There are 2 protein chains.
Amino acid sequence: MNQIYRNKLIQTFQIKEELFDELYSLLQFKDVLKNEYLLKENDICSFIGITLDGSLRTFYSNENGEEINFLFHFDHQLEDIVFTDYDSFLRRSTSKLNIQALENSTVCLISYDNWNQLSNSSIYWQLFSKRMTEQVYFFAKKRIEDLLYYSPENRYLKLLKENPLLFQKIPQRHLASYLGITPQSLSRIRKRICTN
Amino acid sequence: MNQIYRNKLIQTFQIKEELFDELYSLLQFKDVLKNEYLLKENDICSFIGITLDGSLRTFYSNENGEEINFLFHFDHQLEDIVFTDYDSFLRRSTSKLNIQALENSTVCLISYDNWNQLSNSSIYWQLFSKRMTEQVYFFAKKRIEDLLYYSPENRYLKLLKENPLLFQKIPQRHLASYLGITPQSLSRIRKRICTN
DNA sequence: CGTTCAGTTGACTAAGGTCAATTCCCGTGG
DNA sequence: CCACGGGAATTGACCTTAGTCAACTGAACG
């Protein structure tokens with residue numbers, strides 16, 4: 001594993017240097033091609049993944065075959081560099097989510113068994129896993145607030161301000177469903193804002 | 001503490017009987033009056049609360065003084081019997097949430113210090129606290145799905161089906177903001193559905 | 001050069017927001 | 001027992017905005 005990835009992991013998760021190897025030995029590194037799936041709905045998610053390079057998305061698809069993006073994952077963004085269906089992972093239930101690479105990417109995975117082994121190996125890693133759950137929750141709560149609090153237009157403006165990189169990396173049609181609107185509406189909102 | 005509350009706690013949290021007293025000794029019981037606040041925004045939430053009797057709500061208020069209900073808590077509903085601003089509680093940050101009794105209620109609280117003491121006292125309680133975080137997350141994720149996936153009307157129908165008791169206990173104006181709409185819209189949706 | 005797909009635009013519809021008036025319900029006090 | 005007050009819910013009129021369906025544009029790629 002190259003030094004850059006090593007540092008990224010240590011920094012992202014704020015792991016003590018001297019303990020890092022305990023985690024490292026349990027990781028599986030993987031290159032994935034654009035459009036390749038790491039999880040398909042109805043499967044059980046048996047890993048927690050970390051984006052090292054490239055970008056991925058987590059999405060639902062509804063009965064009409066429409067896709068609703070839940071999260072994007074890429075290397076610049078600490079809070080959602082991690083991808084998994086945490087629900088499916090923890091409860092061993094079938095997932096309604098898909099995880100797909102948006103471009104050729106490099107990731108590492110930790111399997112369910114390895115994760116449990118690690119979590120149970122010491123107080124340190126147990127706290128680590130608890131902190132992970134908390135992070136995932138904080139981000140989820142923030143999304144609820146946004147969806148309840150703001151109109152589509154304001155959600156767009158807010159996202160643009162908080163995470164401008166998304167608009168460079170992610171096709172607009174994906175961002176639309178992330179914001180809870182149609183691509184056409186997003187296009188119109190953008191137009192409305194430009195001309196004001 | 002009466003036996004009913006004891007059983008409720010044990011059942012809700014699936015605590016081993018023989019360990020229950022460890023938790024019990026750290027709980028503070030409290031009667032709250034209708035409209036009384038247990039948390040006001042800008043304070044730090046320093047407790048996790050459990051509804052034993054009655055009902056409460058957790059809500060934001062925005063710059064226009066409008067209130068946006070985030071959660072309701074009452075004795076019949078396992079998944080949200082617990083009330084806290086978990087974010088504020090864990091991070092020791094000021095809260096944007098308010099927690100208020102909707103009627104005269106009985107609750108018990110566990111303080112931040114006691115919670116940490118408990119969590120650190122054994123693997124059992126540490127796992128317990130992790131499971132608590134997970135529960136809170138699962139519920140949050142479900143709300144995101146609902147908000148992204150369904151129209152206001154479908155959200156209403158879904159809530160009615162999944163949690164009809166809410167419509168008996170909670171005034172409609174509160175449910176409206178929980179669903180992300182205005183009270184007028186909720187009223188119209190109800191009318192639309194009845195007449196179809 | 002043609003195919004493909006993302007993004008934009010147009011025309012129209014549907015649904016929720018807003019503001020205001022009205023009705024309903026419930027409790028209190030005369 | 002009835003009259004009144006106040007808050008909740010409903011309704012009406014109107015506006016704004018997002019959804020829908022379809023056509024068009026433009027850039028990327030083979």
Side-chain angles (χ1 to χ4, degrees), chain A residues 33-36 55 57 59-69 72 100-104 146-160 164 166-196, chain B residues 33-36 55 57 59-69 72 100-104 146-160 164 166-196:
Chain A
L33 294 174
K34 179 171 179 170
N35 295 329
E36 193 178 331
S55 54
R57 67 181 180 125
F59 67 98
Y60 299 93
S61 62
N62 68 12
E63 60 279 5
N64 307 328
E66 292 153 358
E67 298 177 348
I68 295 158
N69 289 292
F72 301 104
Q100 186 188 33
L102 286 165
E103 59 188 311
N104 295 345
D146 288 348
L147 289 167
L148 278 179
Y149 228 86
Y150 299 101
S151 64
E153 178 167 333
N154 286 330
R155 289 205 289 276
Y156 166 74
L157 288 169
K158 195 155 175 286
L159 190 63
L160 191 59
L166 269 183
F167 290 84
Q168 287 161 44
K169 299 265 293 187
I170 313 288
Q172 206 165 300
R173 95 203 113 98
H174 287 326
L175 292 173
S177 68
Y178 180 82
L179 291 167
I181 54 178
T182 58
Q184 293 94 322
S185 290
L186 178 53
S187 176
R188 290 204 175 87
I189 286 172
R190 284 159 57 85
K191 193 183 176 189
R192 205 156 62 215
I193 286 160
C194 288
T195 55
N196 283 355
Chain B
L33 295 174
K34 178 171 178 171
N35 294 329
E36 193 179 330
S55 55
R57 67 182 180 125
F59 67 99
Y60 299 92
S61 61
N62 69 12
E63 60 278 5
N64 308 329
E66 292 153 358
E67 297 177 348
I68 296 157
N69 289 292
F72 301 104
Q100 186 188 32
L102 287 164
E103 58 189 311
N104 295 346
D146 288 347
L147 289 167
L148 279 179
Y149 228 84
Y150 299 101
S151 64
E153 178 167 333
N154 286 330
R155 288 204 291 276
Y156 166 74
L157 288 170
K158 196 154 175 286
L159 189 63
L160 192 59
L166 269 183
F167 290 85
Q168 288 162 44
K169 300 263 297 185
I170 313 288
Q172 206 165 300
R173 94 202 113 96
H174 286 326
L175 292 172
S177 68
Y178 180 82
L179 291 166
I181 54 177
T182 59
Q184 293 95 321
S185 290
L186 179 53
S187 175
R188 290 205 175 87
I189 286 171
R190 283 159 55 86
K191 192 181 175 189
R192 205 154 64 215
I193 287 160
C194 288
T195 58
N196 283 357

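Chain letters run A, B, ... following the sequence lines, proteins first and then strands; every chain starts at 1. All values reported here derive from a predicted model rather than from experimental measurement.
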At a cut-off of 3.5 Å, list every protein nitrogen or oxygen paired with a nitrogen or oxygen from nucleotides 26-30 of chain D, distance to 0.1 Å.
none

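- Under the rule for a salt bridge (charged side-chain N to carboxylate O under 4.0 Å, His left out), B/E36 has no partner lying at least two apart in sequence or in another chain.
- Here the OG atom belonging to A/S55 is positioned 10.0 Å from the CG atom belonging to A/L166, to the nearest 0.5 angstrom.
- Taking every side-chain heavy atom of B/R190 into account, D/dT10 is the closest of C/dG7, D/dT11, D/dT10.
- We find that CD1 of B/I189 is positioned 12 Å from C1' of C/dG17, with the value rounded to whole Å.
- The CD atom of A/E66 sits 13 Å away from the C1' atom of D/dC21 (whole-angstrom rounding).
- Scanning for side chain to side chain donor-acceptor pair (under 3.5 Å) contacts around A/N104 gives an empty result, with sequence neighbours left out.
- Applying the salt bridge (charged side-chain N to carboxylate O under 4.0 Å, His left out) test to every pair with at least one member in residues 168-183 of chain B, sequence neighbours left out, gives these pairs: B/E103-B/K169.
- In this view, A/R57 and A/E67 satisfy the salt bridge (charged side-chain N to carboxylate O under 4.0 Å, His left out) rule, not counting sequence neighbours.
- Remark: P of C/dA6 and CD1 of A/I170 are 14 Å apart, rounded to the nearest angstrom.
- In this structure, the CZ atom of A/R155 is 12 Å from the C1' atom of D/dT17, given to the nearest Å.
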Step-by-step side chain to side chain contact (heavy atoms under 4.5 Å, CB included) determination, A/I170 to A/Y178: CA-CA 11 Å; A/I170 313 288; A/Y178 180 82; over 6 Å; no

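- Between B/S187 and A/S151, the residue anchored closer to the 5' end of DNA chain D is B/S187, taking for each the nucleotide with the nearest heavy atom.
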Polar pairs (N or O, both sides) under 3.5 Å between protein and nucleotides 23-28 of chain C?
none

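- Summarising the geometry, the separation between CG on B/L147 and P on C/dG16 is reported as 14 Å, rounded to the nearest angstrom.
- Near DNA chain C, meaning a heavy atom under 4.0 Å away, the residues from residues 176-186 of chain A are A/Q184.
- Under the rule for a ring pair (Phe, Tyr, Trp, His ring centres under 6.0 Å), the partners of A/F167 that lie at least two apart in sequence or sit in another chain are A/Y156.
- Rounding to whole angstrom units, CG of residue B/L175 and P of D/dA8 are separated by 13 Å.
- Look at NE2 on B/H174: it is 11 Å from C1' on D/dA8, rounded to the nearest Å.
- Using a 4.5 Å heavy-atom threshold, the side chains of B/F72 and B/L175 count as touching.
- Distances were taken from every side-chain heavy atom of A/K191 (C-beta onward) to each of C/dG10, D/dA9, C/dT8; the shortest belongs to C/dG10.
- Distance, B/Y150 OH to C/dG16 P: 16 Å, rounded to whole Å.
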Hey, can you pull the donor-acceptor pairs under 3.5 Å for the side chains in residues 179-189 of chain B, sequence neighbours left out?
| from | atom 1 | to | atom 2 | distance (Å) |
| --- | --- | --- | --- | --- |
| B/T182 | OG1 | B/S185 | N | 3.2 |
| B/T182 | OG1 | B/S185 | OG | 3.1 |

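- No hydrogens or angles were tested; on distance alone, nothing pairs the side chain of A/R188 with the base of C/dG7 as donor and acceptor under 3.5 Å.
- One cannot find a donor-acceptor pair under 3.5 Å joining the base of C/dG16 and the side-chain atoms of B/R192.
- Taking B/Y60 as the reference, A/E145 meet the side chain to side chain donor-acceptor pair (under 3.5 Å) condition, with sequence neighbours excluded.
- Partners of A/D146 under the side chain to side chain donor-acceptor pair (under 3.5 Å) rule, at least two apart in sequence or in another chain, are A/K158.
- Looking at residues two or more places apart in sequence or on another chain, you find a side chain to side chain donor-acceptor pair (under 3.5 Å) between A/E66 and A/N62.
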